[in-house]
Amino acid sequence: MGTTQSFASFSAETSFESLPPEVVTKIKHFVLETAASQLLGSSCRLGKTFGSQLADGIEEARLVGRHERASVRNAALYNTAIADTNDSGGGSSFAVVHHSKNVVPVGLTLSGARRQSGKTLITAIGVSAECYIRLDRAIAGAHIARGHYNDGTIGTVGATITAAKLLGLDSEHIETAIGTGAMLAPVTIGGNSMFRSSARPLTMGLASANGILAATMTEAGVDGPRSILESKGGFADALAGSTLSDEVVSSLGGEWLLLNNYFKPFIGCRLTHVPRQGAIELREKRNLKPDSIDSVECTLPAANFIVMGHDVEPGANIVEHSCSTTYLLANALLYGDNGPSVLSEERMNERRVHDFSKRIKLFPDNQQDATFKQEGSYSPWMGRMRVHLTSGEALDYSCDFMRGDPVKWPVTEDELINKFYDYSTDVVKKDRADQVVESVLRLQKLGNCDDLMRLLAL
């Protein structure tokens, strides 16, 4: 049985009752973190632009943070894109993909439109996230090296499985839906400019919309190619030059890799988090004041620079700010702030922050990359920072893991709840936020997911 068929069989045969309790809890946390990112994203200028363009007047599905509705596909595109505007959703510790950018928004949108139960939603997110992570883990490096953005390409496969499971397709039809979804995947072109473009969230949105299109077309009788993931000239071969080994599906259903997914304690790209957590620690331990800082040096894995190695100026878009280490670190050093206000219009246009960011220099550490890869313990999260004080003293910080690491420094449920309140405070009132938290934490008891979507819409 090949990878595609194995994913399809696993997805079709898995029931809510077969999910381990810890998997159910993890998925509910996925949903809560995604809802936080969506509500915050709906309130920013870019999110409002997406909404104004995608609210097509078709009364099928709800738009998070808006009064209007839209077709299911446009709603999924919007509900996914707004979650990516602030880049604050978690992802896989084993791979690159972010469940919060595809499978969760697709699940919320479609299950709400179809008024399905919370158990059904949880199961669909669980099987799709697990397949999504395994496929990405197998081809991520080669795939990225060819310039593709995994959340757009592999994300379409994940979105398709989510939608196919929610539509109740059997194994044979999920396999052919994956084939159609893979054909519809946006073949994104990478490079630094993509991580500075306000169009980037549309890539994730299109992945979600096309995943739903693939599943609904399959339901209507359209057949996609089989064995698409592993076949010659198929997904892995064409986009990564890879073949898929049996390891991709080994222990599928027995070992849940999604349990190793992380959550983000800070807003913005996770590749920026090590120096930012160092800034908070130094501020607290040394009573560090901005006026005492002369300059800052950060040494980070060279491979990360394509994503987070750029500087920004006032007037730049929110996506560009969310991936800029110098800008985000300046906020941490100036204000001790790694929260949602960092990506507010006021802060992104604050000259003081941008001027301070010019004191920060980034250095790619190619030797660090080579050494850790050779030793088999490479971590893309590692980093070193030296803060030079006006007094002549230098303060050092280094770490090879971050807050949010599911093993070494996990984010607690209480922290996720607080994150939701922080991100949603300017969008929904406290009593509605309370209802969202309650609904998500008891999601397996929810009889109609439209009740949750009603709370997330205005």
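All residue numbers in this chain count up from 1 along the given sequence. Just so you know, these numbers come straight off a predicted model, no measurement behind them.
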K.L.:
Any Lys/Arg nitrogen of Glu345 or Arg45 sitting under 4.0 Å from an Asp/Glu carboxylate oxygen of the other?
P.N.:
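Arg45 and Glu345: salt-bridged.
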K.L.:
Please lay out, stage by stage, how Thr80 and Ser208 fare under the test side chain to side chain donor-acceptor pair (under 3.5 Å).
P.N.:
CA-CA 7 Å; Thr80 299; Ser208 293; 2.7 Å; yes
K.L.:
Do Asp434 and Tyr421 have a side chain donor and acceptor closer than 3.5 Å?
P.N.:
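The criterion, which ignores hydrogens and geometry beyond distance, is satisfied for Tyr421 and Asp434.
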K.L.:
Under a 3.5 Å distance rule, please check whether Ser42 uses its side chain to pair with a backbone N or O of Leu39 as donor and acceptor.
P.N.:
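Side chain of Ser42 to backbone of Leu39: a pair is present.
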K.L.:
Do side-chain atoms of Ser324 reach the backbone of His321 as a donor and acceptor pair under 3.5 angstrom?
P.N.:
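Side chain of Ser324 to backbone of His321, a donor-acceptor pair under 3.5 Å: no, none is there.
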K.L.:
Set out, in order, the CA-CA distance, both residues' side-chain angles and the distance that settles side-chain contact (heavy atoms from CB on, under 4.5 Å) for Lys26 and Leu258, then state yes or no.
P.N.:
CA-CA 8 Å; Lys26 191 83 169 184; Leu258 63 78; 4.1 Å; yes
K.L.:
Do Val387 and Tyr397 have side chains that get closer than 4.5 Å, going by heavy atoms?
P.N.:
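Side chain of Val387 against side chain of Tyr397, heavy atoms only: no contact under 4.5 Å found.
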K.L.:
Before accepting this row, confirm whether a basic side-chain N of the pair Asp422/Lys419 lies closer than 4.0 Å to the acidic partner's carboxylate O.
P.N.:
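So Asp422 does not pair with Lys419 through a salt bridge.
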K.L.:
Apply the test side chain to side chain donor-acceptor pair (under 3.5 Å) to residues Arg352 and Tyr335: give CA-CA distance (whole Å), side-chain angles for both, the deciding distance (0.1 Å), then the verdict.
P.N.:
CA-CA 11 Å; Arg352 180 179 183 231; Tyr335 297 114; 3.2 Å; yes
K.L.:
Do Gln38 and Tyr423 have side-chain N/O donor and acceptor atoms under 3.5 Å apart?
P.N.:
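No donor-acceptor contact under 3.5 Å links the two side chains.
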K.L.:
Do the non-hydrogen side-chain atoms of Leu46 and Lys48 ever get within less than 4.5 Å of each other?
P.N.:
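No, every pair of side-chain atoms sits at 4.5 Å or beyond.
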K.L.:
How long is the straight-line distance from OG1 of Thr49 back to OH of Tyr78, given to the nearest 0.5 Å?
P.N.:
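Interatomic distance, Tyr78 OH to Thr49 OG1, rounded to 0.5 Å: 10.5 Å.
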K.L.:
Determine, step by step, whether Arg403 and Glu281 satisfy the salt bridge (charged side-chain N to carboxylate O under 4.0 Å, His left out) criterion, reporting the C-alpha distance in whole Å, the side-chain angles of both residues, the deciding distance to 0.1 Å, and the verdict.
P.N.:
CA-CA 12 Å; Arg403 284 185 60 194; Glu281 289 189 25; over 6 Å; no
K.L.:
Of all heavy-atom pairs between Ser92 and Ile133, which one has the smallest distance, and what is that distance?
P.N.:
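Shortest heavy-atom contact: OG-CG2, 3.5 Å.
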K.L.:
For Asp365 and Leu300, what are the C-alpha separation, side-chain angles and deciding distance, and is it a side-chain contact (heavy atoms from CB on, under 4.5 Å)?
P.N.:
CA-CA 6 Å; Asp365 192 337; Leu300 301 166; over 6 Å; no
K.L.:
Test salt bridge (charged side-chain N to carboxylate O under 4.0 Å, His left out) on Arg134 and Glu130 and set out the steps.
P.N.:
CA-CA 6 Å; Arg134 287 170 178 265; Glu130 188 65 20; 2.9 Å; yes
K.L.:
Please answer whether the main-chain N or O of Ala207 pairs with a side-chain N or O of Asn102 as donor and acceptor at a distance below 3.5 Å.
P.N.:
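Pair absent, no side-chain N/O of Asn102 close to backbone of Ala207.
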K.L.:
To the closest 0.5 Å, what do you measure between OG1 (Thr3) and CG (Leu244)?
P.N.:
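If I round to the nearest 0.5 Å, the distance is 4.5 Å.
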K.L.:
Evaluate whether atom CZ of Arg386 has more than 12 neighbouring non-hydrogen atoms of other residues, nucleotides or ligands under 6.0 angstrom away.
P.N.:
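No, because the 6.0 Å sphere around CZ of Arg386 holds 12 heavy atoms or fewer from other groups.
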K.L.:
Kindly say whether Val97 contributes a backbone atom to a donor-acceptor pair with the side chain of Asp136 at under 3.5 angstrom?
P.N.:
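Yes, the answer is positive, given that a donor and an acceptor are paired below the 3.5 Å cut-off.
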K.L.:
When you compare the side chain of Phe50 with that of Leu202, does any pair of heavy atoms fall below 4.5 Å?
P.N.:
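Leu202 reaches Phe50 side chain to side chain.
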K.L.:
Is any side-chain heavy atom of Val31 closer than 4.5 Å to one of Leu443?
P.N.:
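In short, these two side chains touch, coming nearer than 4.5 Å.
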K.L.:
Between Tyr327 and His354, is the ring centre distance below 6.0 Å?
P.N.:
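Judged by ring-centre distance (under 6.0 Å), Tyr327 and His354 do meet the cut-off.
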K.L.:
Just checking, any donor-acceptor pair under 3.5 angstrom between side chains of Asp151 and Tyr132?
P.N.:
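Yes, a side-chain donor-acceptor pair sits under 3.5 Å.
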K.L.:
Do Met385 and Leu329 come close enough that some side-chain heavy atom pair is under 4.5 Å?
P.N.:
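A side-chain contact exists here, since the closest heavy-atom pair is under 4.5 Å.
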K.L.:
Do the side-chain N and O atoms of Ser43 and Asp426 include a donor-acceptor pair separated by under 3.5 angstrom?
P.N.:
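Side chains of Ser43 and Asp426: no pair found under 3.5 Å.
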K.L.:
Mind checking what makes side-chain hydrogen bond (donor to acceptor under 3.5 Å, both in side chains) contact with Asp311, not counting sequence neighbours?
P.N.:
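Expected list: Thr326.
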K.L.:
Which atoms form the tightest heavy-atom contact between Ser344 and Ser341, and what is the distance?
P.N.:
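Smallest interatomic distance, heavy atoms only, reads OG-O, 2.8 Å.
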K.L.:
Set out, in order, the CA-CA distance, both residues' side-chain angles and the distance that settles side-chain contact (heavy atoms from CB on, under 4.5 Å) for Phe235 and Ile178, then state yes or no.
P.N.:
CA-CA 10 Å; Phe235 192 90; Ile178 292 172; over 6 Å; no
K.L.:
Can we say Glu247 and Arg137 salt-bridge, meaning some charged N sits less than 4.0 Å from an Asp/Glu carboxylate O?
P.N.:
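The answer is no: the pair does not qualify as a salt bridge.
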K.L.:
Answer yes if the side chains of Ser88 and Ser37 hold a donor-acceptor pair under 3.5 Å, and no otherwise.
P.N.:
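A donor-acceptor contact under 3.5 Å links the two side chains.
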K.L.:
Can you tell me if His310 uses its side chain to pair, donor with acceptor, with the backbone of Met308 under 3.5 Å?
P.N.:
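Checking the backbone N and O of Met308 against the side chain of His310, no donor-acceptor pair under 3.5 Å is found.
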K.L.:
Consider side chain to side chain donor-acceptor pair (under 3.5 Å). Of Thr325, Asp337, Asn338, which one does Arg276 pass it with?
P.N.:
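Going through the options one by one, the only one that passes is Asn338.
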K.L.:
Given 3.5 Å as the limit, does a donor-acceptor pair link the side chain of Thr156 with the main chain of Gly152, or not?
P.N.:
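Answer holds: yes.
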K.L.:
Distance-only, no hydrogens or angles: does the Asp84 side chain make a donor-acceptor pair with backbone N or O of Asp87 under 3.5 Å?
P.N.:
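Not confirmed, Asp84 side chain does not pair with Asp87 backbone.
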K.L.:
Does any donor atom in the side chain of Thr153 or His143 lie under 3.5 Å from an acceptor atom in the other side chain?
P.N.:
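His143 and Thr153 do have a side-chain donor-acceptor pair below 3.5 Å.
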K.L.:
So, are Glu320 and Arg200 salt-bridged, with charged N and O less than 4.0 Å apart?
P.N.:
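Judged by the 4.0 Å cut-off on N to carboxylate O distance, Glu320 and Arg200 do not form a salt bridge.
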K.L.:
Yes or no on salt bridge (charged side-chain N to carboxylate O under 4.0 Å, His left out) for Glu297 and Arg359, after CA distance, side-chain angles and deciding distance?
P.N.:
CA-CA 9 Å; Glu297 298 173 356; Arg359 304 186 199 179; over 6 Å; no
K.L.:
What's the separation between atom OG in Ser128 and atom CD1 in Ile161, rounded to the nearest 0.5 Å?
P.N.:
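Answer for the OG-CD1 pair, Ser128 versus Ile161, is 6.5 Å.
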K.L.:
Would you mind reporting whether Val296 and Cys298 have side-chain heavy atoms less than 4.5 Å apart?
P.N.:
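They are in side-chain contact.
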K.L.:
Could you check Arg62, Arg66, Met453 and say which one makes a side-chain contact (heavy atoms from CB on, under 4.5 Å) with Asn79?
P.N.:
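Of all the options given, the one that passes is Met453.
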K.L.:
Below 4.5 Å, heavy atoms only, C-beta onward: do Trp409 and Met402 meet side chain to side chain?
P.N.:
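SC-SC contact between Trp409 and Met402 ruled out.
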K.L.:
Can you tell me how far apart CG (Leu40) and CG (Leu343) are? Round to the nearest 0.5 Å.
P.N.:
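Rounded to the nearest 0.5 Å, the CG-CG separation comes out at 7.5 Å.
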K.L.:
Can you tell me how the ring of Phe263 sits relative to the ring of Phe30, calling it parallel under 30°, perpendicular over 60° and tilted otherwise?
P.N.:
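Rings of Phe263 and Phe30: tilted, as their planes differ by 30° to 60°.
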K.L.:
Measure the CG-OG1 distance between Leu213 and Thr160 for me, rounded to the nearest 0.5 Å.
P.N.:
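Atom-to-atom, Leu213:CG and Thr160:OG1 are 9.0 Å apart.
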K.L.:
Test your reading of the model: is there a side-chain donor-acceptor pair from Gln277 to the backbone of Phe401, 3.5 Å cut-off?
P.N.:
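At least one qualifying donor-acceptor pair exists.
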K.L.:
Is the NZ or CZ atom of Lys361 both under 6.0 Å from the centre of the six-membered ring of Phe363 and within 45° of that ring's axis?
P.N.:
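No, Lys361 does not lie over the aromatic ring of Phe363.
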K.L.:
Check for a donor-acceptor pair, side chain of Thr272 on one end and backbone N or O of Cys269 on the other, with a separation under 3.5 Å.
P.N.:
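Side chain of Thr272 to backbone of Cys269: a pair is present.
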K.L.:
Would Arg270 count as a cation-pi partner of Tyr262, with NZ or CZ less than 6.0 Å from the six-membered ring centre and within 45° of the ring normal?
P.N.:
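The answer is yes; both the distance and angle limits are met.
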K.L.:
Give the ring-plane orientation class for Phe266 versus His273, where under 30° counts as parallel, over 60° as perpendicular and anything between as tilted.
P.N.:
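The arrangement is tilted - the two ring planes meet at 30° to 60°.
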K.L.:
Would you mind reporting whether Asn86 and Pro340 have side-chain heavy atoms less than 4.5 Å apart?
P.N.:
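Side chain of Pro340 against side chain of Asn86, heavy atoms only: no contact under 4.5 Å found.
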K.L.:
Taking Asp237 for its side chain and Ser242 for its backbone only, find out whether a donor-acceptor pair lies under 3.5 Å.
P.N.:
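Pair absent, no side-chain N/O of Asp237 close to backbone of Ser242.
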K.L.:
Walk me through it: do Lys28 and Glu33 pass the test salt bridge (charged side-chain N to carboxylate O under 4.0 Å, His left out)?
P.N.:
CA-CA 9 Å; Lys28 290 191 292 185; Glu33 184 181 50; over 6 Å; no
